[in-house]
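Everything below concerns the one structure shown next.
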Amino acid sequence: MPAFTATVTVRLKQGVLDPEAETTRQALERLGFDVEALRTADRFELDLAAADPATAEEQATEMTERLLANPTLHEYEVTVDRR
Amino acid sequence: MTVAVIRFGGSNCDRDAVRALRTLGIDAELAWHADGLPADVTGVVLPGGFSYGDYLRAGAIAARTPILEEVRRAAAGGLPVLGVCNGAQIGCEASLAPGAFTTNDRSRFRCEHTFLRVETTDTPWTRAYEAGEIIELPIAHAEGRFVIEPGRLETLERDDRVLFRYCDADGRTIAAANPNGSTDNVAGIVGKTGAAVMMPHPERATLPDTGGTDGRGILRAFVN
């Protein structure tokens, strides 16, 4: 079967406080940088085999829904590339 | 006939929970998660700690272990289930209760005593208290900020499923008494099946020598 890398980006939904990002932003300001806002995200790269890109995306989406993201906190996007 | 305190790799309040329950005359034993629930189980405690090193999100990995499937089924059948601290994070991640407990608003680990206002006495977990009673329980967490999707908090309130709110010594649920930025000062709730999740530690408030006994009433839910 063809080999793919599915890349899943999980980030906090708009409106969910991100204290780690704010702490990081403040540290950047202490270093003399001017940063208006800073957002963080988790990125997962999944190497998998699937019949076609659509199936690979479907598999990665199910993994994200069941584990990688928490629907209360997160939104996510999935992209698929041939490996 | 025993309450199972489920131990994961990284649990660290498991022995305290067993001891606290036994102090109240409730039979309790440790259960390693991979061994499944004991056949004669009368209740379940998901204890505090750092299961799976808090990898991915606090509680996320433990929530997907097979024993949680058993716990969900048992809770749906009426078995009392209590998740404390990391156990509360696991409980929300496993959909035993709605919402999530995530990073404290000021990114700090908070380890201190808190005052809680009892918001309902209509659950096994709180029937030992008076409505509006103020109790004192310790907290120790970095990810205890209760977050819930817009609209769902109103459903919880309408269904009388908020157990406790952080308050000051006079019972006022003010921002200054909120140790972690939880939505509406919520410290503990019950899920649809009656499973309770809470960040404060009732098992650490059962012996007079270790800072009070206000947690006993919660654990009495396990008395048959």
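Note that the structure is predicted; figures quoted are calculated from it, not measured. Residue numbers begin at 1 in each chain, while the letters A, B, ... track the order of the sequences.
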Leading residue by heavy atom contact count with chain A [cutoff under 4.5 Å; candidates B/Ile61, B/Ile148, B/Asp105]: B/Asp105
What class does the angle between the rings of B/Phe146 and B/Phe101 fall in, given that below 30° is parallel, 30 to 60° is tilted and above 60° is perpendicular?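 Because their plane-to-plane angle lies in the 30° to 60° range, the rings of B/Phe146 and B/Phe101 count as tilted.
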Using the six-membered ring wherever Trp is involved, compare the ring planes of B/Phe8 and B/Tyr52 and label them parallel, tilted or perpendicular (cut-offs 30° and 60°). tilted
Check for me whether the distance between the ring centres of B/Trp125 and B/Phe222 falls short of 6.0 Å.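 When the ring centroids of B/Trp125 and B/Phe222 are compared, they turn out to be within the sub-6.0 Å range.
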If I measure from the heavy atoms of chain B, does A/Ala21 come under 4.5 Å with its side chain, its backbone, both, or neither? neither
Using non-hydrogen atoms and a 4.5 Å limit, figure out which bit of A/Leu73 sits close to chain B: side chain, backbone, both or neither. side chain
Go through A/Leu68, A/Val16, A/Asp42 and name the one with the most non-hydrogen pairs under 4.5 angstrom from chain B.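 Maximum pair count with chain B is reached by A/Leu68.
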Could you tell me if B/Arg117 sits above the aromatic ring of B/Phe164, with its cationic atom closer than 6.0 Å to the ring centre and no more than 45 degrees from the axis?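 So B/Arg117 doesn't make the cation-pi contact.
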What part of B/Thr102 lies closer than 4.5 angstrom to a heavy atom of chain A: side chain, backbone, both or neither?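 The side chain, not the backbone.
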Is it the case that over 12 heavy atoms from other parts of the model lie below 6.0 angstrom from the CZ atom of B/Arg108? no
